[in-house]
Amino acid sequence: MPLVLYNTLTRTKDVFEPLVPGHVGMYVCGPTVYDRAHIGNARPVIVFDVLYRLLKSLYPSVRYVRNITDVDDKINQRAKDSGEPISAITERTTRMFHEDIGALNCLPPDVEPRATAHITQMIAMIERLIAKGHAYAAEGHVLFAVGSMGNYGKLSGRSSDEMIAGARVEVAPYKKDAGDFVLWKPSSPDLPGWESPWGRGRPGWHIECSAMSLEHLGETFDIHGGGQDLVFPHHENEIAQSTCANGAPFARVWLHNGWLMVEGEKMSKSLGNFFTVRDLLDKAPGEAIRLAMLTTHYHQPFDWTNDGLKQAKATLDRLYTALRGVADIDANGYDEAPIEVLAALEDDLNTPLAISHLHELVGALNKATHLEDKARAKGRLLASGHLLGLLHQDPEAWFKGGAAGGPADDEIDALIVARAEARKAKNFAESDRIRNALLDQGVVLEDGPSGTSWKRA
RNA sequence: GGCCGGGUGGCAGAGUGGCUAUGCAGCGGACUGCAAAUCCGCGUACGUCGGUUCAAUUCCGGCCUCGGCCUCCA
């Protein structure tokens, strides 16, 4: 099965072929580090992590670049409000981002470039744009001239006329065209700035991704991803900058994940439905958050609900229950994901369909009676989970790690021994008393053929 | 206003021109001291009105409806 991806540029599902056989380059827009990642920030990170895992399983060499935007007016504003130095804010927020994303079992990218480390490359690119007549300096600013580019607006499917007609903000007087956007702008002494041919200033938003993708992936590369809201203006402008500066095609395939809603409404601070990843990690395992996100196709809007999170947790309980039962069975030699799981992911990253196959695989595992069948089913389930970034934990850790508090592990084990004696003596009143007492403390006992196991609810 | 994407069984959520996923919830059964877990069985749903077709939830058109974007929000 060939890998097929929905390309925003062509508006169709296209068969994916790397530019250089066997090598894939992918750039995904990363966070602006001024605050904790919220749940909406997590979606593209998780989605493209699954794509990264899939690509790694299909091609010998994958280079995944995800930037850190550490120069931005929101960061400046935050520093002004709090009095904290900018570098302290960006470093701390970057660290927290890594922690949160790590808890969602996302692999680190191969390269994580920071915007402030690529100012030289940005300035060089802006100079090339001016030299080629695609940009002009005005009042300390440098602007990209959209009129100089023939097919500006192709990605987002809009014409220059439409954009000018739709402009609802006051057009800065130094702009030749209402659609022109900033490549470089002047900085006052209290703001971050770098010396440039146009005076001390700082980059516009879009130029960093053009400069960093060029530096780490070259002029033309395979995949560029991000949230759907970035299609316009961010990605449109990246295309304009890069193709005009480099004189070469830019990203070949554009992927965009859909917006995130919360309980059917747009997430916003004013509605009180705004969550950070950290907030959720305090009440649910990262793996459940990850699974919940993957139950909807990446291209669709995703509705984050408490119920969905509970279901994801229940699904993982079911999967880990099966794995716990075969913990001592060696699945070596069965480390390939079944064809149907691979086929689902290769069809434009159909994670909901892949997850449905996970359910079928766990059913097969539960029904298997022969050792060989169990080993095969276990291996296939684990390999499938690995592609999705799931089922990486030890089942015991999944069940016993749970919420803090409650009785200690050895306390529980002692009570299980006492209960076993009561059951042996047919003293079921006592055995049920012990089980209910533990249940009240959030510990669930399950009697099986090989003894009693427990988990934290 | 312009552009774009949706409307699937109680819920979540894939998919397909005829064979109608998957999970949760529900019902019945097996197993169990009782539970839990697990297994077996049970649900013909695709916004609306037309069209094309031997056959449409799936293709085409109108309508209703929900959501997103339209200069820096992932």
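What you see is a predicted model; the values in this text were computed from it and never measured. Within every chain, numbering begins at 1; the chains are lettered A, B, ... in the order of the sequence lines, protein sequences first and strands thereafter.
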For this session: Sticking with atom P, work out how far B/U38 lies from B/C24, rounded to a whole angstrom.
Result: 8 Å
For this session: Please state whether the base of B/G33 and the side chain of A/Asp432 form at least one donor-acceptor pair under 3.5 Å?
Result: yes
Exercise. A/Asn67 versus A/Glu112: any side-chain heavy-atom pair under 4.5 Å?
Worked result: no
Exercise. How would you label the contact of A/Gln228 with the nucleic acid (heavy atoms, under 4.0 Å): base, sugar-phosphate, or nothing?
Worked result: nothing
Exercise. Going by number, which of residues 65-76 of chain A have a non-hydrogen atom under 4.0 Å from RNA chain B?
Worked result: A/Lys74
Exercise. Is the backbone of A/Lys154 close enough, under 3.5 Å, to the side chain of A/Asn151 for a donor and an acceptor to pair up by distance?
Worked result: no
Seminar exercise, completed: A/His299 atom NE2 is separated from B/A74 atom C1', nearest whole Å, by 14 Å
For this session: Of all the heavy-atom pairs spanning A/Val341 and A/Ser384, show the shortest one and how long it is.
Result: CG2-OG, 3.6 Å
Exercise. If you measure from SG on A/Cys209 to CD1 on A/Ile239, what distance do you get to the nearest 0.5 Å?
Worked result: 12.0 Å
For this session: Find the distance A/Leu319:CG to B/U38:P and express it as a whole number of Å.
Result: 10 Å
Exercise. On a plain distance test, is the side chain of A/Ser431 in donor-acceptor contact with the base of B/G33 below 3.5 Å?
Worked result: yes
Exercise. So which nucleotide from B/C4, B/A74, B/C70 ends up closest to the side chain of A/Asn41?
Worked result: B/A74
Exercise. Sub-3.5 Å donor-acceptor pair from the side chain of A/Asn427 to the main-chain atoms of A/Arg423, do we have one?
Worked result: no
Exercise. Rounded to the nearest 0.5 Å, what separation is found between the CD atom of A/Glu208 and the NE2 atom of A/His118?
Worked result: 10.0 Å
Problem set entry | Rounded C1' spacing from B/A56 to B/U71 in Å | 43 Å
Exercise. Roughly how far apart, to the nearest Å, are B/C4 and B/C40 at atom P?
Worked result: 47 Å
Seminar exercise, completed: Walking RNA chain B from its 5' end, the first of A/Phe302 and A/His38 to be reached, judged by nearest nucleotide, is A/Phe302
Problem set entry | A/Thr296, nearest nucleotide to its side chain (from B/U71, B/A14, B/C24) | B/A14
Exercise. So which nucleotide from B/C70, B/C34, B/A21 ends up closest to the side chain of A/Arg435?
Worked result: B/C34
Exercise. Can you tell me how far C1' of B/C72 sits from NE2 of A/His206, to the nearest Å?
Worked result: 5 Å
Problem set entry | Distance below 4.0 Å between A/Lys266 side-chain N/O and B/C69 OP1 or OP2 | yes
For this session: Starting from C1' on B/U71, measure out to CH2 on A/Trp205 and report it in whole angstrom.
Result: 9 Å
Problem set entry | P atoms of B/G62 and B/G2, separation to the nearest Å | 14 Å
For this session: Measure from CZ on A/Phe399 to P on B/A37 and round the result to the nearest Å.
Result: 11 Å
Seminar exercise, completed: Paired with A/Phe48, the side-chain contact (heavy atoms from CB on, under 4.5 Å) test is passed by just one of A/Leu349, A/Leu255, A/Leu55, namely A/Leu255
Problem set entry | Opposite nucleotide pairing with B/U53, Watson-Crick or G-U, both atom distances under 3.5 Å | none
Seminar exercise, completed: Per atom distances to the A/Pro352 side chain, the nearest of B/C34, B/A14, B/U71 is B/A14
Problem set entry | Rounded P spacing from B/A12 to B/C54 in Å | 38 Å
Exercise. When you measure from the centre of the six-membered ring of A/Phe399, is the NZ or CZ of A/Arg324 under 6.0 Å away and within 45° of the axis?
Worked result: yes
Exercise. Where along residues 364-380 of chain A does a heavy atom come under 4.0 Å from RNA chain B, residue by residue in number order?
Worked result: A/Asn366, A/Lys367
Exercise. Parallel, tilted or perpendicular for A/His224 and A/His235, by the 30°/60° rule?
Worked result: perpendicular
Exercise. Considering only side-chain heavy atoms of A/Arg423, which listed nucleotide, B/G33, B/G5, B/C24, is closest?
Worked result: B/G33
Seminar exercise, completed: Quick note, A/Glu446 side chain, CB onward, closest among B/A37, B/C73, B/U22 is B/A37
For this session: Return the value, rounded to whole Å, for the distance between atom CD of A/Glu340 and atom C1' of B/G15.
Result: 15 Å
Exercise. With respect to the phosphate group of B/C39, does any side-chain polar atom (N or O) of A/Arg318 fall under 4.0 Å of OP1 or OP2?
Worked result: yes
For this session: Scan A/Ile355 against the nucleic acid and name what it touches under 4.0 Å (heavy atoms): base, sugar-phosphate only, or nothing.
Result: nothing
Exercise. Heavy atoms under 4.0 Å, any strand shown: does A/Gly40 hit a base, just sugar-phosphate, or nothing?
Worked result: base
Problem set entry | Rounded distance in Å between the C1' positions of B/G17 and B/U22 | 23 Å
Problem set entry | Counter-base of B/C24, judged by Watson-Crick or G-U geometry with both distances under 3.5 Å | B/G10
Problem set entry | Atom pair distance, as rounded to whole Å: CG in A/Asp317 and P in B/U38 | 9 Å
Problem set entry | Minimum heavy-atom distance between A/Arg43 and A/Pro301, given as atom pair plus value | NH2-C, 3.6 Å
Problem set entry | Rounded distance (Å) that lies between atom P of B/G23 and atom CD of A/Gln311 | 12 Å
Exercise. Between A/Tyr27 and A/Phe221, what is the ring plane arrangement, given parallel below 30°, perpendicular above 60°, and tilted in between?
Worked result: tilted
For this session: Return the orientation label for the A/His256 and A/Trp254 ring planes: parallel under 30°, perpendicular over 60°, tilted otherwise.
Result: parallel
Exercise. Does B/C63 have a Watson-Crick or wobble mate here (both distances under 3.5 Å), and if so which one?
Worked result: B/G47
Exercise. Nearest to the side chain of A/Thr321, which nucleotide is it out of B/G13, B/A37, B/U22?
Worked result: B/A37
Problem set entry | Rounded distance in Å between the C1' positions of B/A14 and B/G6 | 15 Å
For this session: Return the nearest nucleotide to the side chain of A/Asp307; candidates are B/C39, B/C11, B/C69.
Result: B/C11
Problem set entry | Nucleotide nearest A/Met261 when distance is taken to its side chain, options B/C34, B/G67, B/A14 | B/G67
Seminar exercise, completed: On RNA chain B, more 5' by nearest nucleotide between A/His297 and A/Gly226 is A/His297
Problem set entry | Euclidean distance for C1', B/C31 against B/C39 (whole angstrom) | 8 Å
Problem set entry | Distance-only side-chain donor-acceptor flag, A/Asp72 / A/Thr32, under 3.5 Å | no
Exercise. With both distances under 3.5 Å as the test, what is the Watson-Crick or G-U wobble partner of B/U32?
Worked result: none
Problem set entry | Selected nucleotide, minimal atom distance to A/Asn257 side chain, candidates B/C70, B/A74, B/G33 | B/A74
